[in-house]
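Given the structure is predicted, the values throughout are model-derived calculations rather than measurements. Side chains are part of it too, since the values below use all heavy atoms of this structure and drop only hydrogens, waters and symmetry mates.
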Amino acid sequence: MLKGIGASQGYGIGKAVIISDISTDYSNVKYTDAEAEKSRLQAAVNTFISETNALAESLKTNAGSKESEILEGHIAMLRDPFMLSQMQESIDSGVIAEKAVDTVCNMFIDIFSATDDELTRQRVSDIRDIKDSLLKTLLGADGVDISSVEENSVLIAKDFTPSMTSKINKKNVNAIITEVGGVTSHSAILARAMGIPAVLSVIDATEKIKDGAAVIADGFNGDIILNPNEEQIAEYNKKQSEYIAEKENLKAYMGKESITQSGIKKAVYANIGKPEDIQNVIQNSAEGIGLFRTEFLFMDRNSEPTEEEQFEAYSTVAKAMNNKEVIIRTLDIGGDKDIPYLKIEKEENPFLGHRAIRYCLDNPLLFKSQIKAILRAAVYGNIKIMLPLITALDEVRKAKELIEECKTDLKNAGTNYADTPVGIMIETPAAVMISDILAKEVDFFSIGTNDLTGYIMAVDRGNAKVCSLYDTLQTPVLRAIETTIKNAKANGIAVGMCGEAATDTALIPSLVKWGLDEFSVSPGNILLTRKTICNCP
């Protein structure tokens, strides 16, 4: 058995198809002249853009418009005047188009690889995708046609770039397995959107799994079973059938209230990153928004969003939720989220550094612009402000002082705004240990189990070698969660959870018993979470 990271739920049983790297060796290509090489480059760029646009349109059908934005982002990167001009300048210096593409893309890869930000590192795969596509076009190189693999295939590759993943015919592909990647990689996002089980970070998968071998991929816990026997195949066929039936049965919980068997009402909310996510939230009948990750409004652009742009985003969500609660987390950057134009200083250990609320308090103009936008948007709905990565009482008090300054500024300017409750994320051991004190200072808690689990267990969730330790069901993490809920309840404030553990069916009964009020999950997990709550005593 091999082990990886379960990145897209489901069970895939089928025949292994190894997607080997295609040679992009251009050592035999001869330089002609600069204009001819530039013409070849432009032709390859045009082909890339045309093919990628077609793939993006196909992806809208197979996965959704949000997912197709990943490929559209590739086009935007290549259309960036800086990237293309760097390639052309390289050609002017006397190198072939292939060498120009290789050199410039590798420069970007080195820049992105050097950061400690997980999301920025994920862009390395995007740049490699662009580089490989251009080189293959320039060289006329072909590989396995992913779109035409046989039924019941399990695709195995070192990595699945977004363009590779978007070519998958989900009717023929039962699972994908990679040697790299994690739950936030674009291949994982696309696999989840397409409903294809995925196991990533399986060390040496392309060497250890033989082409044509029978294989089972468990997208829940990351297990890979090679050459399964009849009993194992029957077992996993049954699991897959039960999983499919379960998804169908969940539709019965659409629009229902989340009430336990003993009549205790809970709330199932949704996590979102952009206003465009709201349609999926409504379709899955969320009772509110438990986490609006505002950092995504700051990404994929060259300057910070204006107060007006943020106001439009926040008010759009508030209006769409029709007075249901919308909890907006203030800018949470640093750690695994880098935004180049903000020029965050590179740190030895960014997860323990100048990130989230620490950065915002040291950059009050940026922070106040966001707060004003939130306060203005609160006129149009039921909005709450949530502060991330709190470790000390002083951080909360300083943030509240800035919020009051924002109210004064808006009042003096004659701008409409509404008062909003202020809560905090409990996602550090420090916050847990003083949660009894913090509960007297804020209006609500939301437990962020993703970071909390990592900090308590001292483990990198993207590291396959220690991923078994990254488990919210570990006793120290459970004790921290229970302590936080009890301290919130003792001080009369609401407490929710917005980490992945909020949808863990093994944990939900304990969360209900301890008194958790609100479970905020990805839109696709709303119905399962609601069903689990409704089945609790």
Side-chain angles (χ1 to χ4, degrees), residues 111-112 114-121 273-274 291-315 327-378 383-413 415 417 420-428 430-431 438 441-442 446 448 451 455:
I111 291 171
F112 290 153
T115 180
D116 291 302
D117 163 41
E118 184 180 347
L119 290 179
T120 301
R121 287 200 306 270
K274 295 179 180 179
L291 172 62
F292 187 159
R293 299 182 176 97
T294 59
E295 58 270 17
F296 290 102
L297 300 177
F298 287 71
M299 294 178 176
D300 297 323
R301 52 187 297 148
N302 297 320
S303 60
E304 68 185 74
T306 64
E307 179 186 321
E308 198 61 33
E309 287 175 310
Q310 292 186 70
F311 163 72
E312 287 296 328
Y314 307 146
S315 60
I327 299 176
I328 300 178
R329 182 175 70 186
T330 58
L331 186 59
D332 184 5
I333 54 170
D336 64 346
K337 293 182 283 287
D338 180 35
I339 300 175
Y341 63 79
L342 291 180
K343 296 180 172 59
I344 300 173
E345 186 178 343
K346 182 173 173 56
E347 298 175 296
E348 191 74 23
N349 191 335
F351 280 96
L352 303 179
H354 197 224
R355 57 172 294 208
I357 194 64
R358 302 166 182 176
Y359 179 87
C360 287
L361 291 177
D362 287 340
N363 292 271
L365 292 180
L366 177 91
F367 188 50
K368 288 178 70 173
S369 175
Q370 180 174 43
I371 294 299
K372 288 178 184 178
I374 295 173
L375 293 172
R376 290 171 56 199
I383 286 178
K384 293 183 176 181
I385 294 173
M386 183 161 67
L387 308 173
L389 203 79
I390 295 299
T391 57
L393 179 61
D394 191 48
E395 292 169 335
V396 178
R397 289 178 172 168
K398 286 180 179 178
K400 289 171 71 176
E401 287 175 8
L402 288 173
I403 292 170
E404 289 305 313
E405 287 181 19
C406 290
K407 292 177 183 177
T408 300
D409 292 344
L410 291 171
K411 184 177 181 180
N412 291 340
T415 304
Y417 72 93
T420 59
V422 177
I424 62 172
M425 287 192 71
I426 303 292
E427 53 186 334
T428 67
L438 293 171
E441 192 76 24
V442 299
S446 185
D451 271 345
Y455 284 129

Decide yes or no on side chain to side chain contact (heavy atoms under 4.5 Å, CB included) for Glu441 and Ile424, but give the supporting numbers first. CA-CA 10 Å; Glu441 192 76 24; Ile424 62 172; over 6 Å; no
Hey, are Glu404 and Lys407 close enough for a salt bridge, meaning a charged N less than 4.0 Å from a carboxylate O? yes
Less than 4.0 angstrom from a charged side-chain N to a carboxylate O is my criterion; do Arg329 and Glu295 meet it? yes
May I ask you to test the [X]-[Y] pair for a side-chain heavy-atom distance under 4.5 Å?
X	Y	answer
Leu402	Leu361	yes
Arg355	Asp332	yes
Lys384	Phe292	no
Thr330	Ile385	yes
Glu304	Leu366	yes
Tyr417	Lys411	yes
Leu375	Cys406	yes
Phe298	Leu331	yes

Looking only at heavy atoms, which two atoms of [X] and [Y] are closest? And how far apart?
X	Y	result
Thr391	Ala430	O-CB, 3.6 Å
Gly448	Met425	CA-CE, 3.7 Å
Tyr341	Pro305	OH-CD, 3.8 Å
Ser315	Ala377	N-CB, 3.6 Å
Phe296	Gly273	CB-O, 3.5 Å
Gln310	Ala373	CB-CB, 3.6 Å

Go through Val396 and Lys400 one step at a time and tell me if the side chain to side chain contact (heavy atoms under 4.5 Å, CB included) criterion holds. CA-CA 6 Å; Val396 178; Lys400 289 171 71 176; 3.8 Å; yes
Measure from the side-chain N and O atoms of Thr428 to the backbone N and O of Ile390, and report whether any donor-acceptor pair falls under 3.5 Å. yes
Give the intermediate values and the outcome of side chain to side chain contact (heavy atoms under 4.5 Å, CB included) for residues Arg358 and Leu389. CA-CA 8 Å; Arg358 302 166 182 176; Leu389 203 79; 4.1 Å; yes
Is there a side chain to side chain contact (heavy atoms under 4.5 Å, CB included) between Lys368 and Asp409 once you walk through the steps? CA-CA 10 Å; Lys368 288 178 70 173; Asp409 292 344; 3.3 Å; yes
